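Since the structure comes first, as structure tokens, the remarks are kept for the end.
Since the model is a prediction, treat every value here as computed from it, not as a measurement. Atoms within each ligand, like the ligands themselves, are counted from 1 in listed order.
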Amino acid sequence: MTGFACRSSVAEAIAWTDNVFPLLKTEKIAIGQSAGRVLAQTITSKVNVPGFHRSMMDGFAIRAVDIEQAAESEPVALRIAGDIYPGTPHSVPLSSKQTIRIMTGAPIPTGGDAVIPVEDVRVRGDQILVSRPIAEGKHVGTPGEDVVSGQRVLATGRHLRPQDVGLLSSIGIDAVGVLCKPRVHLVTTGNELLPAGTPPTDFMITDANSPMLESLVVRDGGDVTSAGIVPDNPECILNAFQAEADIIIVSGGSSVGLEDYVPQLLAEHGELGIHGVQMRPSSPVGIGTYKKRIVFLLPGNPVACLCGYDFFAGRTIRKLTGRGTELPYSRQILPLGEPLVSVEGRKDYVRVQISEGRVTKSTRQGASMLFSAVQSDGFLIIPEESSSLATGTLVTVYRY
Ligand code: AMP
Ligand code: MG
């Protein structure tokens, strides 16, 4: 057993990871499933939206010229010559001093050039009385006013939003090419682990990390598979690495203990680029590659596992799924209610409480204290360059 020779900074670990970024395949999927996915093609509209002149109001289609002289004292009467509903054109053109009752979305009849909202006319039998002129084109939607044929509407790399999906449908597209979700394989190591749902007994503990990691990967848009609980045995671990995956996340056995085989295994059979990071918790993080897969070695202590995931594995997954590289928590900038002490040269992930607009450190900070991450409001990060933060310092709290 020997300790870490030297630890990398968080920035170095991230830079190394960005260099071994996996390339994802693409697939064609129905647009209904595409929100949250990354578009792998450019989308150009082949149609105008709308494709025709249409009414924007429930009212009366008219010829603006017919009511040019309309006034409160001298209303103009127009004869109602029919009704038009959305989806069906009117067969007869609108002639002089006529109007056609029209619903929102219905095509403007030939000859018509404006719509008077129903509220602005008086209906008298088969006539309407109009007391004011309106401009040509009023309440008429024109072809291509939303999307013009030939217009590029979405670019490759777009993280598709619900309104994007709606737009795709409106221009007649029902399937799009997207990046495949990164396939993330979980390898949870530890001879002391019992599977989820088993009460802990004697000296055995129940696996907290796999269900947590699975939820994190799903949150970040990855597809999860799992090797289940794998014993601390080099052969078993190497065997678990053979899965079809873009990313392997190993929980436990990442440090320098006698049973921590994973770093050595990776160094021998793949590449161990980073081992040990200047941060707390999660200092025993490792990052490497194994046959085109990126491998993240996360410490077994659950809070270290959570922090290491968010900083490294999660960051890569979020980047691949178009979610960007920021931590996926809402932020609040608030003053510290007490001083915080750290060590220069190390990044600290500190669980905190917010009370009356002030931030204080949660009482239990141990890397194994997962309940503390459950009870805390969030965490803050003390950067490498700070050794302590005074009361009142404005800090960014990432809210769990
Ligand atoms: P390791 O990273 O394997 O040295 O484990 C560090 C600590 O985390 C030990 O106390 C382990 O028992 C514990 N641990 C390892 N894996 C898990 C897990 N999946 N869930 C909860 N605790 C774990
Ligand atoms: Mg272990």
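- For ligand 1, the atoms lying closer than 4.0 Å to a non-hydrogen atom of Thr188 are 19 (N).
- In this structure, Pro299 has a heavy atom closer than 4.0 Å to ligand 1.
- One distance of note links CG of Leu340 with OG1 of Thr391; it measures 8.5 Å at 0.5 Å rounding.
- Listed by number with element, the atoms of ligand 1 under 4.0 Å from a non-hydrogen atom of Pro302 are 21 (C), 22 (N).
- In terms of modelled atom types and a separation under 3.5 Å, the side chain of Asn239 and the main chain of Cys236 share no donor-acceptor contact.
- Nearest protein neighbour of atom 22 (N) of ligand 1, counting heavy atoms only, is Ile205 CD1, 3.3 Å.
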>> Could you go through Phe296 and Phe312, starting from their C-alpha distance and side-chain angles, then the distance that decides it, and tell me whether this counts as ring pair (Phe, Tyr, Trp, His ring centres under 6.0 Å)?
In response: CA-CA 8 Å; Phe296 294 95; Phe312 305 107; 7.5 Å; no
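- Listed by atom number, the atoms of ligand 1 under 4.0 Å from Glu192 heavy atoms are 11 (C), 12 (O), 15 (C).
- Among all non-hydrogen protein atoms, the one lying nearest atom 18 (C) of ligand 1 is Asn209 ND2, 3.3 Å.
- Atom 6 (C) of ligand 1 has its closest protein heavy atom at Asn301 N, 3.8 Å.
- Around atom 23 (C) of ligand 1, the closest heavy atom drawn from Ala208, Ala304, Gly300, Gly253 belongs to Gly300.
- Remark: Arg219 qualifies as a cation-pi partner of Tyr329 under the 6.0 Å distance and 45° angle criteria applied to the six-membered ring.
- Of the possible polar contacts, one joining the Thr189 side chain to the Ser251 backbone as a donor-acceptor pair under 3.5 Å is found.
- Checking side-chain atoms of Asp66 against main-chain N and O of Ser96 turns up no donor-acceptor pair under 3.5 Å.
- Using a cut-off of 4.0 Å between Lys/Arg side-chain N and Asp/Glu carboxylate O, Asp246 and Lys181 are scored as not salt-bridged.
- With respect to atom 4 (O) of ligand 1, the closest heavy atom belonging to the protein is Asp260 OD1, 4.1 Å.
- Here Ser210 has no heavy atoms under 4.0 Å from ligand 1, in either its backbone or its side chain.
- Of the protein's non-hydrogen atoms, the one nearest atom 19 (N) of ligand 1 is Asp207 OD1, 2.8 Å.
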Contacts under 3.5 angstrom, residues 74-90 side chains, donor-acceptor by atom type, not counting sequence neighbours:
residue	atom	partner	partner atom	Å
Asp83	OD1	Arg101	NE	3.0
Thr88	OG1	Tyr85	O	3.2

